[in-house]
> 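Can you keep this structure in mind? I'll have questions shortly.
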Amino acid sequence: VQLQAFGGGLVQAGGSLRLSCVASGTISRINQLGWYRQAPGNQRELVAVISSGDSTEYADSVKGRFTISRDNAKNMVYLQMNNLKPEDTAVYYCATDLNPGCSDPDYERFYWGQGTQVTVSS
């Protein structure tokens, strides 16, 4: 199983970016999907998560500006980021709990994707 994130880049403050992440490989079921970020010198932090039932949670710092969504048919998760601020600058990682084709339907494993850099200039 691999997670590949893309869509990062350089944007001015107040601008928007849309991150995408696709899961590939042998996958029976995807449970929760999420986005995390890590700025230089900081710990990795949760940005947003979406459950298999489409329930969402956001970090307080991004509420009202970021929107997480998923496309189950494509094994993808998205993060629409609006009104970006310089403090949003970080490497953004997608992550998921999924069943990688295991015969036990309740088995899940956590996977990280590679990061994508988001830089917001002031």
> Do side-chain atoms of Thr67 reach the backbone of Gln80 as a donor and acceptor pair under 3.5 angstrom?
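Side chain of Thr67 to backbone of Gln80: no pair is present.
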> Could you check whether any side-chain heavy atom of Asp88 comes within less than 4.5 Å of a side-chain heavy atom of Met81, counting everything from C-beta outward?
no
> Please tell me whether Arg37 and Ser61 have a donor and an acceptor in their side chains that are separated by less than 3.5 angstrom.
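A donor-acceptor contact under 3.5 Å links the two side chains.
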> Of all the heavy-atom pairs spanning Leu84 and Leu17, show the shortest one and how long it is.
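What the structure gives for the nearest pair is CD1-N, 3.8 Å.
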> Are Tyr111 and Val47 co-members of a hydrophobic cluster defined by side-chain heavy atoms under 4.5 Å apart?
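Yes; Tyr111 is reachable from Val47 via cluster members.
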> State the CG-OH distance between Leu79 and Tyr58, to the nearest 0.5 angstrom.
7.5 Å
> Are Leu19 and Leu3 linked, directly or through other ILVMFWY residues, by side chains that come within less than 4.5 angstrom of each other?
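Yes.
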> Is it true that a side-chain atom of Thr89 and a backbone atom of Val120 form a donor plus acceptor pair closer than 3.5 Å?
yes
> Return yes if some donor-acceptor pair links the side-chain N/O of Asn99 with the main-chain N/O of Tyr107 below 3.5 Å, else return no.
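Checked: pair present.
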> Give me the atom names and distance for the closest heavy-atom approach of Ile30 to Ala23.
CD1-CB, 4.3 Å
> Are Gln4 and Gln114 close enough that some pair of their side-chain heavy atoms sits under 4.5 Å apart?
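The answer is yes; the side chains approach within 4.5 Å.
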> From Ser52 OG over to Leu98 CG, what is the distance, rounded to the nearest 0.5 angstrom?
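Interatomic distance, Ser52 OG to Leu98 CG, rounded to 0.5 Å: 12.0 Å.
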> Just how far is it from atom CZ of Phe66 to atom OG1 of Thr56, taken to the nearest 0.5 Å?
14.0 Å
> What's the spacing between Glu87 CD and Ser122 OG if we round to 0.5 Å?
10.0 Å
> Atom CH2 in Trp35, atom OG1 in Thr96: separation rounded to 0.5 Å?
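With rounding to 0.5 Å, CH2 (Trp35) is 11.5 Å from OG1 (Thr96).
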> What is the ring orientation for Trp112 with Tyr93, classed by angle as parallel under 30°, tilted 30 to 60°, or perpendicular over 60°?
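Because their plane-to-plane angle is over 60°, the rings of Trp112 and Tyr93 count as perpendicular.
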> Quick one: do Val22 and Tyr78 end up in the same hydrophobic cluster if we chain Ile, Leu, Val, Met, Phe, Trp and Tyr together by side-chain heavy atoms under 4.5 Å apart?
yes
> In the structure I gave you, are the side-chain heavy atoms of Met76 and Ser20 within less than 4.5 Å of one another anywhere?
yes
> If I compare all heavy atoms of Asp97 with all of Phe110, which pair ends up nearest, and what's the gap?
OD1-CD1, 3.4 Å
> Can you tell me how far OG of Ser55 sits from CD1 of Ile50, rounded to the nearest 0.5 angstrom?
8.0 Å
> Provide the closest heavy-atom pair for Gly101 versus Ser28 in the form atom of the first, atom of the second, distance.
CA-OG, 2.9 Å
> Under 3.5 Å, is there a donor on one side chain and an acceptor on the other for Arg70 and Asn72?
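On atom types as modelled, these side chains qualify, holding a pair under 3.5 Å.
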> Taking all non-hydrogen atoms of both residues, which atom of Cys94 and which atom of Ala5 are closest, and how far apart?
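Distance-wise, the nearest heavy atoms are SG-CB, 4.0 Å.
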> Does a sphere of radius 6.0 Å around CD in Glu57 hold more than 12 heavy atoms from other residues, nucleotides or ligands, not counting ones at 6.0 Å or beyond?
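Counting neighbours around CD of Glu57, 12 or fewer heavy atoms of other residues, nucleotides or ligands fall under 6.0 Å, so no.
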> Do you know the tightest heavy-atom contact between Ile68 and Leu33?
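Here Ile68 and Leu33 meet closest at CD1-O, 3.9 Å.
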